[in-house]
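The next block holds one structure in the form of structure tokens; read it before the comments.
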Amino acid sequence: MVAVLAGGTGGAKLARGMLDVVGGEELAVIANTADDVEVYGAHVSPDPDLIAYALADVLDERGYGIAGDTWAVMDALAAAGRDTWFRLGDRDLALCLLRTELLRDRARLTEAHARVVAGLGLRARVLPMADEPVRTHVHANGRRRPFQEFMIVDGATGPVEGVELRGVEAARPTPEVLEALTTAEAIVVGPSNPVISIGPILAVSGMRDAVAAARAPVVAVSPFVGGRAVKGPTEAFCAQAGIALSAQGIADAYGDVIDGLVADEPVAGTPALELDTLMDSPAARERVARATLEFARSLAPR
Ligand code: GDP
């Protein structure tokens with residue numbers, strides 16, 4: 001069993017590679033839910049969905065949503081005068097509605113998302129970090145914005161001045177997350193944004209302790225390739241959080257959470273595997289996942 005902590009882009013790519021290496025039965029992905037949003041009456045879970053779509057090989061090339069999706073609902077809403085800044089394809093929305101319906105029937109987020117994952121025919125688990133709501137708010141340009149509005153409406157512009165993880169104190173790792181951490185042979189922190197993807201997961205009350213208590217070695221894969229983020233607003237968030245755009249920056253950011261680091265440059269003070277971590281093809285994803293798992297296995301159990 002391998003547990004991968006992930007946001008939506010880099011973490012999802014590594015998770016997809018790990019699926020090739022260990023198979024769905026042996027994979028649990030612990031996903032950030034602090035980007036979740038209620039829109040058009042649906043509960044949208046961008047990171048867990050992106051991970052599930054990546055694992056099911058239906059992720060669209062643009063990096064979110066379902067490949068070949070249609071836009072009839074968005075077109076109809078726009079024609080009726082509804083602002084459609086948050087674009088959800090028809091099939092994507094259908095799966096969000098499936099989750100929303102279960103949540104209205106008092107299912108936990110974990111159960112509701114499991115239905116989406118099963119609906120995609122997956123055997124791997126994609127586990128929300130917590131069932132309680134956590135919502136990232138971003139301070140930038142002198143104001144505070146919910147995360148999706150900052151990203152989509154504001155175009156993620158302006159230096160980030162601060163990040164709030166609303167609700168995180170009341171959130172707890174779910175029984176499913178605790179079980180995945182306890183039974184894992186290796187725990188992999190994916191190459192995701194350390195501030196707004198991995199940050200919320202580790203900030204859930206009790207999560208750091210649960211990771212520390214696990215017997216499995218914990219290794220992180222750096223999201224920086226050649227000293228830059230591959231995609232997205234990671235650099236701006238790291239600048240605000242004082243995290244250097246380097247392997248050392250990631251090692252310092254995760255501190256004693258990790259036993260080892262996989263990165264494309266050397267790092268001092270932490271066991272490290274130096275490796276090209278760019279996952280620009282299915283073969284590259286699998287190569288990085290396999291090497292990361294072998295590296296984790298090479299570290300002594302705790
Ligand atoms: P988000 O929720 O969509 O922001 O996704 P994540 O937090 O999971 O991923 C964002 C991070 O993924 C960025 O910091 C990128 O540098 C990193 N990333 C994307 N593709 C790759 C890749 O191929 N290799 C590595 N090492 N990192 C990547």
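Both counts, for ligands and for their atoms, begin at 1 and track the order of listing. What you are looking at is a predicted structure, and each value in this text was computed from that prediction instead of being measured.
Residue nearest to atom 1 (P) of ligand 1, selected from V288, T9, L275: T9 (by heavy-atom distance). Taking each of S197, A6, G7 in turn, the one with a heavy atom nearest to atom 7 (O) of ligand 1 proves to be S197. Checking K13, E235, R285 against atom 20 (N) of ligand 1, the nearest heavy atom belongs to K13. For atom 10 (C) of ligand 1, the nearest non-hydrogen atom from the set I198, V225, N193 belongs to N193.
Among protein heavy atoms, atom 28 (C) of ligand 1 sits closest to V230 CG2, 3.6 Å. When hydrogens are left out, the protein atom nearest atom 9 (O) of ligand 1 is G10 N, 3.1 Å; that is the closest non-hydrogen contact. Among all protein heavy atoms, the one lying closest to atom 14 (O) of ligand 1 is T234 OG1, 2.6 Å.
Considering backbone and side-chain atoms alike, V221 places every N or O at 3.5 Å or more from each N or O of ligand 1. Residue P223 has at least one nitrogen or oxygen atom sitting less than 3.5 Å from a nitrogen or oxygen atom of ligand 1, judged on distance alone. Here's the thing with S192: one of its N/O atoms is less than 3.5 angstrom from an N/O atom of ligand 1. Between P191 and ligand 1, at least one N/O pair is under 3.5 Å apart. Some N or O of M279 is nearer than 3.5 Å to an N or O of ligand 1, by distance alone.
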(request) Kindly determine whether R125 and E25 satisfy salt bridge (Lys or Arg N to Asp or Glu O under 4.0 Å), including the steps that lead there. (result) CA-CA 8 Å; R125 279 170 288 158; E25 303 283 353; over 6 Å; no

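Within ligand 1, counting atoms from 1 as listed, the ones closer than 4.0 Å to a heavy atom of D47 are 2 (O). Ligand 1 places these atoms under 4.0 Å from at least one heavy atom of L278: 23 (O), 24 (N). Close approach of ligand 1 to G11 is summarised as follows: ligand atoms under 4.0 Å from at least one heavy atom of the residue are 8 (O).
With 3.5 Å as the limit, one finds a donor-acceptor pair spanning the side chains of D90 and T70. At a cut-off of 3.5 Å, with distance as the only test, no side-chain donor of R99 or H43 sits close to an acceptor on the other residue. When only modelled atom types and interatomic distance are considered, D131 and T110 share a side-chain donor-acceptor pair under 3.5 Å.
Atom CZ of R228 has 12 or fewer heavy atoms from other residues, nucleotides or ligands within 6.0 Å. In this structure, R106 places its CZ atom where only 12 or fewer heavy-atom neighbours from other residues, nucleotides or ligands lie under 6.0 Å away. Within a 6.0 Å sphere centred on CZ of R215, heavy atoms belonging to other residues, nucleotides or ligands number 12 at most. Atom CZ of R82 has more than 12 heavy atoms from other residues, nucleotides or ligands within 6.0 Å.
Residue-level proximity to ligand 1 for S222 is carried by the backbone, the only part with a heavy atom below 4.0 angstrom. Proximity of T277 to ligand 1, defined as any heavy-atom pair under 4.0 Å, is shared by backbone and side chain alike.
In summary, of the residues considered (E164, E161, R145), a side-chain hydrogen bond (donor to acceptor under 3.5 Å, both in side chains) with H139 occurs for E164 alone. With respect to D92, the side-chain hydrogen bond (donor to acceptor under 3.5 Å, both in side chains) criterion is satisfied by exactly one of Y53, W71, Y64: Y53.
Contact check on D154 versus R143 returns a salt bridge, with a Lys/Arg side-chain nitrogen under 4.0 Å from an Asp/Glu carboxylate oxygen.
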